[in-house]
Amino acid sequence: MPNISFYSYKGGSGRTTTTLNTVFYLIRELRPTPSKPIIIIDADTESYGMSMLLLRDLEKLPGIDCSLQYLALRATQDEFLSGGDSTEWLSYRKLHKYFVPVGGYFTRDVENDAVLLLRSDVTPKEQRESWGSVFSLNNTGDKSFDNFNELLKVLRLTKCSVVFDTPSGTQDFAELALNSSQTIVCCMRPSIQFEQGTRLCFEKFIETWRGKGAKKNIIFCPSAVPYKQINIDSEVYPDYYMKTTYAGFRNELQTKANSTNGNIEIVWDMRDGSVPGIPEVQRFKWQECCLEKVASDEEDERLAKEKYAMLARLIRSYTYN
């Protein structure tokens, strides 16, 4: 099964809340089971927001041996790969201990083991005290992707759906996640710095993938978009932004993608509708959460849920068909 990366060039784009809320609708679209689960990998080891959001309500937190860092730095491949049937996820019993069941966080419509989290909320201090060494994915510390690449092979063979919440920018694990993913959701605020940085970043990515003949679906997803019009310097936003800055961004990257002979497909559909992207949600300034778990009739939250559902449908359409 394919890997899906939620990515942003800069921090503060709303990437983690977008991942969290879209997973709810992916569960509806994909109907995961304990034998064919959705596996969320919190790859942002320095700003592990996904782990904090999904684990904060647990009465007992898992130990640090149940983490991405332990799997990458301390585990042996024989330890967690032995005894597994190459096509049956449930047969890899030793591997299961690294994952936290979180299906119940999202919905009671699936079993808890149908959605699993590979957490990364283990600090360098905890690593050093427990293991005497530190695993980092940001160009420092001990680093080995051998175990992780073996894990991805197992997840692919056993047809698990993998969702990465990546670090921002060009950190090592961000590039590993993007290179191993068939579909990339790029979250970007509607601002000049996000537009310019994201464009330059993806021009380089696309050129690299073109040289390798890699096939990618890239869904550009404007996020935290003010959904009410505002006048700035005699221009009406967000309409003016979409017709100028975003239009130039789209034209340049689409030209780059067209040079790959169809291997790179860019999806622009998230700009469609009454809000050109995922609207800014006031609640998230104070309380990040899965909106479907909240009883609210606020307009911004209703519009956001519509967009998260749309994004999940796009992911399924471009990734699984």
Side-chain angles (χ1 to χ4, degrees), residues 1-7 15-45 48-63 66-68 70-71 80 84 87-122 148 151-152 154-166 177 180-185 288-294 304-305 308-316 319-320:
M1 297 293 278
N3 299 339
I4 303 153
S5 282
F6 284 76
Y7 171 80
R15 182 196 68 246
T16 296
T17 50
T18 297
T19 309
L20 182 75
N21 280 275
T22 306
V23 165
F24 174 88
Y25 295 100
L26 279 176
I27 292 170
R28 286 185 174 179
E29 294 287 333
L30 303 180
R31 308 305 303 173
T33 65
S35 62
K36 296 289 185 293
I38 292 175
I39 293 183
I40 303 168
I41 298 178
D42 187 354
D44 196 352
T45 58
Y48 32 76
M50 182 64 70
S51 298
M52 288 190 289
L53 289 172
L54 288 176
L55 300 179
R56 64 183 174 183
D57 292 333
L58 291 185
E59 294 182 2
K60 182 179 179 181
L61 291 175
C66 176
S67 67
L68 182 153
Y70 185 92
L71 186 151
F80 64 79
T87 61
E88 296 292 336
W89 165 249
L90 292 178
S91 69
Y92 289 90
R93 297 191 179 279
K94 292 183 178 180
L95 186 55
H96 290 183
K97 71 177 183 180
Y98 297 102
F99 297 86
V100 184
V102 293
Y105 169 88
F106 294 97
T107 176
R108 295 180 180 179
D109 293 339
V110 297
E111 295 181 56
N112 204 29
D113 288 349
V115 185
L116 303 173
L117 170 69
L118 182 57
R119 63 185 282 241
S120 65
D121 57 331
V122 179
F148 199 81
L151 170 65
L152 292 180
V154 170
L155 299 181
R156 183 176 66 253
L157 290 170
T158 56
K159 298 183 179 180
C160 299
S161 295
V162 177
V163 174
F164 287 101
D165 185 23
T166 77
S180 68
S181 293
Q182 290 71 40
T183 295
I184 298 163
V185 177
E288 303 98 328
C289 64
C290 177
L291 288 177
E292 280 290 349
K293 295 166 63 72
V294 177
K305 287 188 283 188
Y308 293 133
M310 176 182 180
L311 181 54
R313 291 192 298 270
L314 287 172
I315 291 171
R316 180 178 182 182
T319 309
Y320 293 88

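The structure displayed is predicted, hence computed values, not measured ones.
- Counted by atom type alone, Glu292 and Tyr25 present one or more donor-acceptor pairs between their side chains at under 3.5 Å.
- Taken to the nearest 0.5 Å, the OG1 atom of Thr22 stands 12.5 Å off from the CZ atom of Arg15.
- Under a 3.5 Å cut-off, the side chain of His96 and the backbone N or O of Ser91 do not form any donor-acceptor pair.
- For Tyr48, there are no ring pair (Phe, Tyr, Trp, His ring centres under 6.0 Å) partners two or more places apart in sequence or in a different chain.
- Under 4.0 Å is where a charged nitrogen must lie from a carboxylate oxygen, and between Asp109 and Arg31 no such pair does.
- Between Lys36 and Thr158 the shortest heavy-atom distance is CD-O, 3.4 Å.
- Using a 4.5 Å heavy-atom cutoff, the side chains of Cys66 and Phe99 are not in contact.
- No hydrogens or angles considered: nothing links the side chains of Tyr7 and Ser181 as a donor-acceptor pair under 3.5 Å.
- Rounding to the nearest 0.5 angstrom, the gap separating the CD atom in Glu288 from the CG atom in Asn21 is 10.5 Å.
- The side-chain heavy atoms of Leu71 and Leu151, taken from C-beta on, include a pair separated by under 4.5 Å.
- Looking at Asp42 and Asp44, their side chains come closer than 4.5 Å, going by heavy atoms from C-beta outward.
- For the pair Met50 and Ile40, the tightest heavy-atom approach, listed with the atom from each and the gap, is CG-CG2, 4.0 Å.
- Annotation for Ala114 and Val110: closest pair CB-CB, 4.0 Å, computed over non-hydrogen atoms.
- A cation-pi contact, defined as under 6.0 Å to the ring centre and within 45° of the axis, links Lys293 to Tyr105.
- Proximity of a side-chain donor or acceptor of Glu111 to a complementary backbone N or O of Pro34 within less than 3.5 Å is not detected.
- Within a 6.0 Å radius of NZ in Lys159, other residues, nucleotides and ligands contribute 12 heavy atoms or fewer.
- For the pair Thr319 (side chain) and Arg316 (backbone), a donor-acceptor distance under 3.5 Å is absent.
- Contact check for Pro2 versus Tyr320: side-chain heavy atoms found under the 4.5 Å cut-off.
- Between Ile27 atom CD1 and Thr107 atom OG1 the span is 7.0 Å, to the nearest 0.5 Å.
- Side-chain contact between Leu118 and Phe164: absent, with no pair of heavy atoms (C-beta onward) separated by less than 4.5 Å.
- To the nearest 0.5 Å, atom CG of residue Leu20 and atom CG of residue Leu54 are 5.5 Å apart.
- To the nearest 0.5 angstrom, Phe106 atom CZ is 10.5 Å from Asn112 atom CG.
- Rounding to the nearest 0.5 angstrom, the gap separating the OG1 atom in Thr166 from the CD1 atom in Ile41 is 11.5 Å.
- Few gaps surround CZ on Arg56; more than 12 heavy atoms of other groups in view lie less than 6.0 Å from it.
- In this structure, the side chains of Trp89 and Ser35 stay at 4.5 Å or more apart for every pair of heavy atoms.
- Contact annotation: the side chain of Ile38 approaches that of Val163 to within less than 4.5 Å [non-hydrogen atoms, C-beta and beyond].
- Judged by distance alone, the side chain of Ser51 and the main-chain N or O of Ser120 form a donor-acceptor pair under 3.5 Å.
- When side chains are defined from C-beta on, Val100 counts as touching Arg119, because their heavy atoms get closer than 4.5 Å.
- Of the candidates Asp165, Ile4, Leu53, Asp165 is the only one forming a side-chain contact (heavy atoms from CB on, under 4.5 Å) with Thr19.
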